Number of protein chains: 2
Amino acid sequence: MREGPDIARIASLVGDPARANMLNALMGGTGLTASELALEAGVSLPTASSHLSKLMEGGLLTLASQGRHRYYGLAGPQVAGMIEAITGVAEAVGPKRVRPGPRDGAMRVARVCYDHLAGEQAVAMLDRLVEKDILLRDDREIRLGPSASSHFAAIGIDVDAKPRRPVCRACLDWSVRRSHLAGTLGAAILDKILLEKWARREKDSRAVIFSPPGKQAFEKVFLS
Amino acid sequence: MREGPDIARIASLVGDPARANMLNALMGGTGLTASELALEAGVSLPTASSHLSKLMEGGLLTLASQGRHRYYGLAGPQVAGMIEAITGVAEAVGPKRVRPGPRDGAMRVARVCYDHLAGEQAVAMLDRLVEKDILLRDDREIRLGPSASSHFAAIGIDVDAKPRRPVCRACLDWSVRRSHLAGTLGAAILDKILLEKWARREKDSRAVIFSPPGKQAFEKVFLS
DNA sequence: CGCATAGTTCGTCCCTCATCGAAGCATTCT
DNA sequence: AGAATGCTTCGATGAGGGACGAACTATGCG
């Protein structure tokens with residue numbers, strides 16, 4: 001009854017699971033397209049579009065049009081801070097569902113995140129690539145190291161093409177709470193993993209299952 | 001899809017107007033009963049009770065039973081911080097509905113807040129009482145000053161009785177963004193205002209309308 | 001100029017959840 | 001004990017809003 005800033009309006013925008021997932025995905029700081037966010041949120045494109053309109057209207061998002069792509073991003077640090085604050089409470093208040101999570105062990109190990117690999121394997125891979133200076137990580141940004149070109153060429157991945165999407169991108173992995181590798185390079189690596197049949201995708205799930213020899217091959221190439 | 005803390009769950013708890021109002025009311029830091037919160041939120045007691053259960057289950061509130069009264073309060077500073085963060089975004093993002101607010105000018109001037117006076121008049125009154133050292137304000141806490149007893153006795157209010165409820169309490173006034181006086185003293189003052197017919201309550205509204213002579217009398221006693 | 005891709009709008013279905021009145025507990029006061 | 005509060009639970013009602021498929025618009029590519 002007391003009139004103040006309409007906090008319920010803002011909170012209810014975040015209070016929908018699909019929208020919450022989108023906002024979470026945008027917490028990485030990189031702009032994402034509607035399709036990417038639809039996948040991230042696990043809803044169809046029209047549904048995602050509708051949610052994005054609402055978030056835009058609510059002032060939580062900004063939109064940057066680049067050619068035929070439209071990149072959505074968080075409206076500012078204040079919004080990001082709010083998400084963090086809510087996340088903090090959610091963590092503090094509901095440890096029940098976070099920890100055990102044996103709901104799908106395979107998902108924690110490796111899964112598809114849009115077009116690249118996520119999960120423990122993916123986080124370990126990025127760590128190792130950075131350790132070997134093949135990739136350079138600088139806070140949130142990831143760049144190619146001097147040896148990247150030759151290293152990836154050796155396994156048939158060309159990192160010197162200049163596509164519209166960035167080659168490297170950090171993507172926050174919520175199951176491990178660390179970053180994994182996204183961008184065209186992340187996508188190319190996932191392609192290779194599936195092409196070489198090192199792993200297969202679980203039907204109707206994002207889980208990625210490595211075969212025993214496939215796992216060895218993957219570790220030899222990326223974790224050695 | 002990515003599993004993390006369930007931020008949507010928390011946000012949707014805050015995303016209902018009734019619950020948001022309750023949380024806002026509890027931002028004062030004082031425990032409030034279900035009935036008080038029902039009034040604050042503008043819903044019936046059963047509805048309020050249902051909302052309170054959900055907030056409790058969600059871990060956002062704590063409950064302190066004292067005799068037959070049950071005082072609800074925010075679960076902790078983290079929760080308060082979250083509300084503040086959301087409020088900040090709501091303010092930044094929607095100045096449209098905050099400023100002009102001529103929807104009910106009378107409400108801004110003076111209105112009932114549960115059992116005491118709120119609005120510009122109430123805020124001015126508290127300021128003046130503190131200025132004259134009749135009341136002592138210490139951050140959020142308000143105490144009686146040395147001359148309080150005689151000052152209020154002169155207008156027929158006994159502040160020396162020791163009821164269960166605190167005599168003085170600060171209550172955040174959202175229209176002015178400052179505190180006004182609640183507690184039994186606040187209630188007694190409102191009683192006097194209505195009893196002396198300095199003002200009348202608008203029917204079916206929380207607005208309090210002072211008559212011209214009533215306003216003079218009020219100012220003479222409390223704002224001089 | 002078509003074709004393809006990215007995105008929005010429309011229409012419809014359906015489910016959740018907020019709301020309230022009435023009745024049921026529980027606690028305290030007389 | 002009986003009465004009176006303060007609060008919760010139950011049951012029924014209704015509306016808001018999230019979901020998707022299909023059709024439409026817009027931008028870029030050959």
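The sequence lines fix the lettering, A, B, ..., with proteins before strands; numbering per chain opens at 1. Everything quoted here is computed from the prediction, not taken from an experiment.
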For DNA chain C, whose closest nucleotide is more 5', that of A:Tyr72 or that of B:Ser44?
A:Tyr72
Can you tell me which nucleotide in [options] comes closest to the side chain of [X]?
X       : options               : value
B:Pro46 : D:dG6, C:dA18, C:dG21 : C:dG21
B:Ala34 : D:dT8, C:dG7, C:dT8   : D:dT8
A:Thr47 : C:dA6, C:dT8, D:dC20  : D:dC20

To the nearest Å, give me how far apart [atom1] ([X]) and [atom2] ([N]) are.
X       : N      : atom1 : atom2 : result
B:Tyr71 : D:dG6  : OH    : C1'   : 11 Å
B:Leu37 : C:dT19 : CG    : P     : 14 Å
A:Asp16 : C:dC17 : CG    : C1'   : 14 Å
A:Leu45 : C:dC10 : CG    : C1'   : 15 Å
B:Arg70 : C:dT28 : CZ    : P     : 12 Å
B:Leu39 : C:dC20 : CG    : P     : 12 Å
B:Arg19 : C:dC17 : CZ    : P     : 9 Å

Has A:Lys54 got a side-chain N or O lying under 4.0 Å from the OP1 or OP2 atom of D:dG17?
no
For C:dT19, take OP1 and OP2 only and decide whether either is under 4.0 Å from a side-chain N or O of B:His51.
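Yes.
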Residue list, side chain to side chain donor-acceptor pair (under 3.5 Å) with B:Gln78, at least two apart or on another chain
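Counting only residues at least two positions away or on another chain, B:Gln78 forms no side chain to side chain donor-acceptor pair (under 3.5 Å).
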Any side-chain to backbone donor/acceptor pair from B:Lys192 onto B:Ile157? Under 3.5 Å, distance only.
no
